[in-house]
Amino acid sequence: MPAADPRDRPIAVFDSGVGGLTVLHELLVSLPQEDYVYLGDSARFPYGERTAEELEAFGMDIADELVARRAKLLIVACNSMTAAALPALQRRMLETTLGVDVIGVVKPEAGQAVAVTRTGRIGLLATRATVASGAYERAVAAVDPHVDLVAVPCPDLAPLIQDPPGGELFTRELEEVVRGYCAPLVAAGVDTVILGCTHYPLVRSMLQRMLGRGVTIVTSGAALARQAEHVLGSRDLASRRSGEGTYSFLCTGDAEAFHRLGTRFLQMPLTEVEPVDLTPSSFVPTTPPTTTPEVPAWPRP
């Protein structure tokens, strides 16, 4: 049954597959008292080669599903989706849900990277869609226009991490792929590197070796958890419980495969994974919403 008090509703997190579980891990550690529902759109994985229009439509499908489950906050734990569709998702939620907030991974990471760089040269490893969007360039420039960003698209890295050939992740083949993607950043002399995909933290130690120990690696999880805490506080939506909350999982693809892979990404036990069939979106970016579900975004006096 949906909670009567919005503060008792779950935080919703979604991604193209299991990669966003690295973000959920940080949320579980930073905000353990909250309830969470995670949706992995593994039936349409990977997102990195999708068009912006496709990603925007997928985002609307997912947001509708999670709002129907009475989420109090939506977290886009996918860099490609954040880069392509975050503004549209934010507008949709403001227009149809009385103000449910939507936050994504790009802005918090960019801000953290600018804060820690010593030389003003930052690297980015991300999917092709994320790099092509220019979202990180804009986010970094908004914080400090004098910082240089060197972006490297990595089209096959996320699939290799999620579904490694032969089931073995840390192979010589993956090492060579990672070395090739890191080479332009090493040549550019960056001192900070943003991991612009939630899959990449699983190979962080390999990346650190290739980049050098003097390079600071920035991931999205911790920065996004801080932003979520600020949003909940400003809306008076933080859970009032003192103990641990619950977490549950939805998956559009193979639930058994999601469960098997998910434990490695979450680094915690997974509960049962519920299969969900998302109705294909009929959303057109220029068409205003036609429905207004009653989902209060924050407690009222």
Side-chain angles (χ1 to χ4, degrees), residues 11-30 36-42 44-50 55 58-59 62 66 74-86 89 102-113 123-131 133 135-136 139 151-164 169 174 178 181 193-208 217-228 247 249-253 258 261-268 270:
I11 296 171
V13 184
F14 70 90
D15 183 39
S16 60
V18 295
L21 294 172
T22 59
V23 171
L24 179 59
H25 172 88
E26 292 294 340
L27 289 163
L28 290 169
V29 170
S30 301
Y36 298 91
V37 57
Y38 179 96
L39 191 152
D41 190 15
S42 53
R44 298 184 289 200
F45 175 86
Y47 279 178
E49 301 301 302
R50 300 283 191 174
L55 292 175
F58 294 172
I62 295 168
L66 294 173
L74 298 186
I75 295 180
V76 186
C78 173
N79 301 74
S80 298
M81 177 67 76
T82 300
L86 184 63
L89 284 167
V102 188
I103 59 176
V105 290
V106 172
K107 187 176 179 180
E109 267 192 306
Q112 184 178 347
L124 169 68
L125 297 172
T127 67
R128 197 177 345 241
T130 298
V131 172
S133 74
Y136 275 98
V152 177
C154 311
D156 55 352
L157 189 52
L160 281 173
I161 294 172
Q162 176 151 325
D163 189 19
L169 177 59
L174 178 66
V178 170
Y181 288 142
V193 172
I194 298 169
L195 301 190
C197 175
T198 52
H199 284 69
Y200 300 172
L202 258 69
V203 294
R204 178 171 181 162
S205 58
M206 189 179 286
L207 287 163
Q208 191 75 71
I217 291 177
V218 175
T219 61
S220 55
L224 193 56
R226 285 195 295 273
Q227 186 176 1
Y247 52 95
F249 302 93
L250 309 171
C251 174
T252 61
F258 181 94
L261 287 170
T263 303
R264 183 175 66 192
F265 281 75
L266 186 63
Q267 301 177 52
M268 293 183 187
L270 261 70

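For the single chain, residues carry numbers from 1 onward in sequence order. Heavy atoms only: backbone and side chains are in, while hydrogens, waters and symmetry mates are out.
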Can a side-chain donor-acceptor contact be found between Asp41 and Ser16 if the only test is distance below 3.5 angstrom? no
Does a side chain donor of either Asn79 or Tyr136 reach within less than 3.5 Å of an acceptor in the other side chain?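 Yes, because at least one side-chain N or O of Asn79 sits under 3.5 Å from a partner of the opposite role on Tyr136.
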Residue pair Asp156, Tyr181: steps toward the side chain to side chain contact (heavy atoms under 4.5 Å, CB included) verdict: CA-CA 10 Å; Asp156 55 352; Tyr181 288 142; 2.3 Å; yes
Just how far is it from atom [atom1] of [X] to atom [atom2] of [Y], taken to the nearest 0.5 Å?
| X | Y | atom1 | atom2 | value |
| --- | --- | --- | --- | --- |
| Asp15 | Leu39 | CG | CG | 9.5 Å |
| Leu86 | Ile103 | CG | CD1 | 9.0 Å |
| Leu160 | Leu202 | CG | CG | 13.0 Å |
| Tyr47 | Thr130 | OH | OG1 | 12.5 Å |
| Leu157 | Tyr200 | CG | OH | 4.5 Å |
| Arg264 | Gln162 | CZ | CD | 8.5 Å |

Could you go through Phe258 and Tyr38, starting from their C-alpha distance and side-chain angles, then the distance that decides it, and tell me whether this counts as side chain to side chain contact (heavy atoms under 4.5 Å, CB included)? CA-CA 12 Å; Phe258 181 94; Tyr38 179 96; 3.6 Å; yes
For Thr252 and Phe45, run side chain to side chain contact (heavy atoms under 4.5 Å, CB included): C-alpha distance rounded to whole Å, both residues' side-chain angles, the deciding distance at 0.1 Å, then the answer. CA-CA 10 Å; Thr252 61; Phe45 175 86; over 6 Å; no
Stepwise, does the side chain to side chain contact (heavy atoms under 4.5 Å, CB included) test hold for Leu24 with Phe249? CA-CA 11 Å; Leu24 179 59; Phe249 302 93; 3.7 Å; yes
Does any non-hydrogen side-chain atom of [Y] lie less than 4.5 Å from one of [X]?
| X | Y | answer |
| --- | --- | --- |
| Gln112 | Arg226 | yes |
| Val13 | Leu74 | no |
| Ile11 | Ile75 | yes |
| Val37 | Tyr247 | no |
| Val193 | Gln208 | no |
| Gln227 | Leu224 | yes |

Which heavy atom of [X] sits nearest to which heavy atom of [Y], and what is that distance?
| X | Y | value |
| --- | --- | --- |
| Ser80 | Leu55 | O-CD1, 3.6 Å |
| His199 | Ala158 | CD2-O, 3.7 Å |
| Gly104 | Pro108 | O-CD, 3.3 Å |
| Val131 | Ala151 | CG1-CB, 4.0 Å |
| Val106 | Ala139 | CG1-CB, 4.0 Å |
| Leu89 | Gly59 | CD2-O, 3.4 Å |

On the six-membered ring of Phe58, is Arg50 placed so that its NZ or CZ lies under 6.0 angstrom from the centre and within 45° of the ring axis?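 Cation-pi check for Arg50 and Phe58: fails.
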Polar side-chain atom of [X] near backbone of [Y] as donor-acceptor pair, under 3.5 Å:
| X | Y | result |
| --- | --- | --- |
| Glu109 | Ser220 | yes |
| His25 | Leu266 | yes |
| Ser133 | Ala84 | no |

Walk me through whether Thr198 and Thr22 qualify under side-chain hydrogen bond (donor to acceptor under 3.5 Å, both in side chains). CA-CA 6 Å; Thr198 52; Thr22 59; 4.7 Å; no
Quick check on side chain to side chain contact (heavy atoms under 4.5 Å, CB included): which of Leu124, Leu125, Ile217 does Ile194 satisfy it with? Leu124
